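Because the structure is a prediction, the values reported are computed rather than measured.
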Amino acid sequence: QVHLVESGGGSVQVGGSLRLSCRTSGFAWGMNCMAWFRQTPGREREGIATIYTGGSSTEYRDSVKGRFTISHDNANTVFLQMDNLRPEDTAMYYCAAATGGYCHGKLETTSDFPYWGQGTQVTVSS
């Protein structure tokens, strides 16, 4: 059974940093697409970053490029380093997994990800 558990959320001031972690279990680590999405009340869940666990190929939403970095430990955990945080980054952040495939084109489609964590809240205040 697949499990994804996020941690690392919290409250920070503008310009601060947070590092989110997503520990996984229940599937082999290699050759999967892992992703971070975020959602605010009344809005659709949006893709932030993806990473292919068979290598290190990554993709980012334009609004976070240069500020967020997705990575993995080649074992069972994916990370999202978030720097220079802005109030508009406030959201619930979700980890997602799509096993057995590349990430190409998956940043915009929640339906490509069958497995999700419970989310971790990030709040950025000015």
Side-chain angles (χ1 to χ4, degrees):
Q1 191 171 7
V2 175
H3 290 285
L4 285 70
V5 180
E6 302 99 332
S7 61
S11 297
V12 295
Q13 292 189 325
V14 169
S17 298
L18 284 173
R19 190 189 196 208
L20 306 183
S21 299
C22 173
R23 177 170 290 185
T24 72
S25 62
F27 61 93
W29 187 244
M31 297 186 290
N32 305 308
C33 180
M34 298 297 300
W36 287 96
F37 285 73
R38 67 186 180 189
Q39 188 171 24
T40 54
R43 300 188 65 178
E44 292 187 356
R45 196 167 294 188
E46 64 177 15
I48 298 301
T50 62
I51 187 166
Y52 177 60
T53 62
S56 294
S57 178
T58 59
E59 185 179 0
Y60 295 92
R61 173 170 293 277
D62 285 347
S63 62
V64 306
K65 284 180 180 177
R67 300 188 299 121
F68 290 11
T69 304
I70 189 170
S71 62
H72 67 85
D73 66 356
N74 205 33
N76 62 0
T77 304
V78 63
F79 305 97
L80 185 68
Q81 177 66 40
M82 305 186 295
D83 298 316
N84 192 20
L85 283 160
R86 305 167 180 170
E88 54 264 38
D89 295 319
T90 295
M92 184 71 78
Y93 283 70
Y94 297 91
C95 176
T99 57
Y102 293 98
C103 290
H104 180 68
K106 288 186 169 67
L107 187 61
E108 301 297 331
T109 53
T110 59
S111 60
D112 283 335
F113 293 91
Y115 306 110
W116 293 84
Q118 81 289 349
T120 186
Q121 178 69 35
V122 172
T123 303
V124 185
S125 58
S126 57

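When side chains are defined from C-beta on, Ser7 does not count as touching Thr120, because their heavy atoms never get closer than 4.5 Å. In this structure, the side chains of Glu46 and Arg61 come closer than 4.5 Å at one or more pairs of heavy atoms. Under the 4.5 Å side-chain criterion, counting only non-hydrogen atoms from C-beta, Trp116 is in contact with Arg45. When side chains are defined from C-beta on, Met34 counts as touching Leu4, because their heavy atoms get closer than 4.5 Å. Tyr115 has its side chain out of reach of Thr24: every pair of non-hydrogen atoms, C-beta onward, lies at least 4.5 Å apart. The shortest distance between side-chain heavy atoms of Trp36 and Cys95 falls below 4.5 Å. Looking at heavy atoms from C-beta onward, Glu6 lies out of side-chain contact with Gln121 at the 4.5 angstrom threshold.
Residues passing the side chain to side chain contact (heavy atoms under 4.5 Å, CB included) test with Val12, sequence neighbours excluded: Leu18, Leu85, Val124.
Here the two rings, on Phe37 and Tyr94, have centers that are 6.0 Å apart or farther.
Between Lys65 and Glu59 there is no salt bridge, since no side-chain N of the basic residue sits under 4.0 Å from a carboxylate O of the acidic one.
A chain of hydrophobic side-chain contacts below 4.5 Å, direct or via other Ile, Leu, Val, Met, Phe, Trp or Tyr residues, connects Leu20 to Phe68.
In plain terms, the two heavy atoms of Pro87 and Ser126 that are nearest each other are CG-CB, 4.5 Å. Scanning both residues, Thr50 and Ala35, for their nearest heavy atoms gives CG2-CB, 3.8 Å. When all heavy atoms are compared, the tightest approach of Arg67 to Asp89 is NH1-OD2, 2.8 Å. Residues Ser63 and Arg38 share a closest heavy-atom pair of OG-NH2, 3.7 Å. Minimum heavy-atom separation, Leu80 to Ala49: CD1-CB, 4.4 Å. Across all non-hydrogen atoms, the minimal contact from Tyr60 to Ile70 is OH-N, 2.8 Å.
A parallel orientation is assigned to the rings of Trp29 and Phe27, their planes being inclined by less than 30° (bins at 30° and 60°).
Donor-acceptor pairing under 3.5 Å is recorded for the side chains of Asp83 and Ser17.
With hydrogens and angles disregarded, a donor-acceptor distance shorter than 3.5 Å links the side chain of Asp73 to the backbone of Asn76. Looking only at distances, no side-chain donor or acceptor of Asn84 sits under 3.5 Å from a matching main-chain atom of Gly15.
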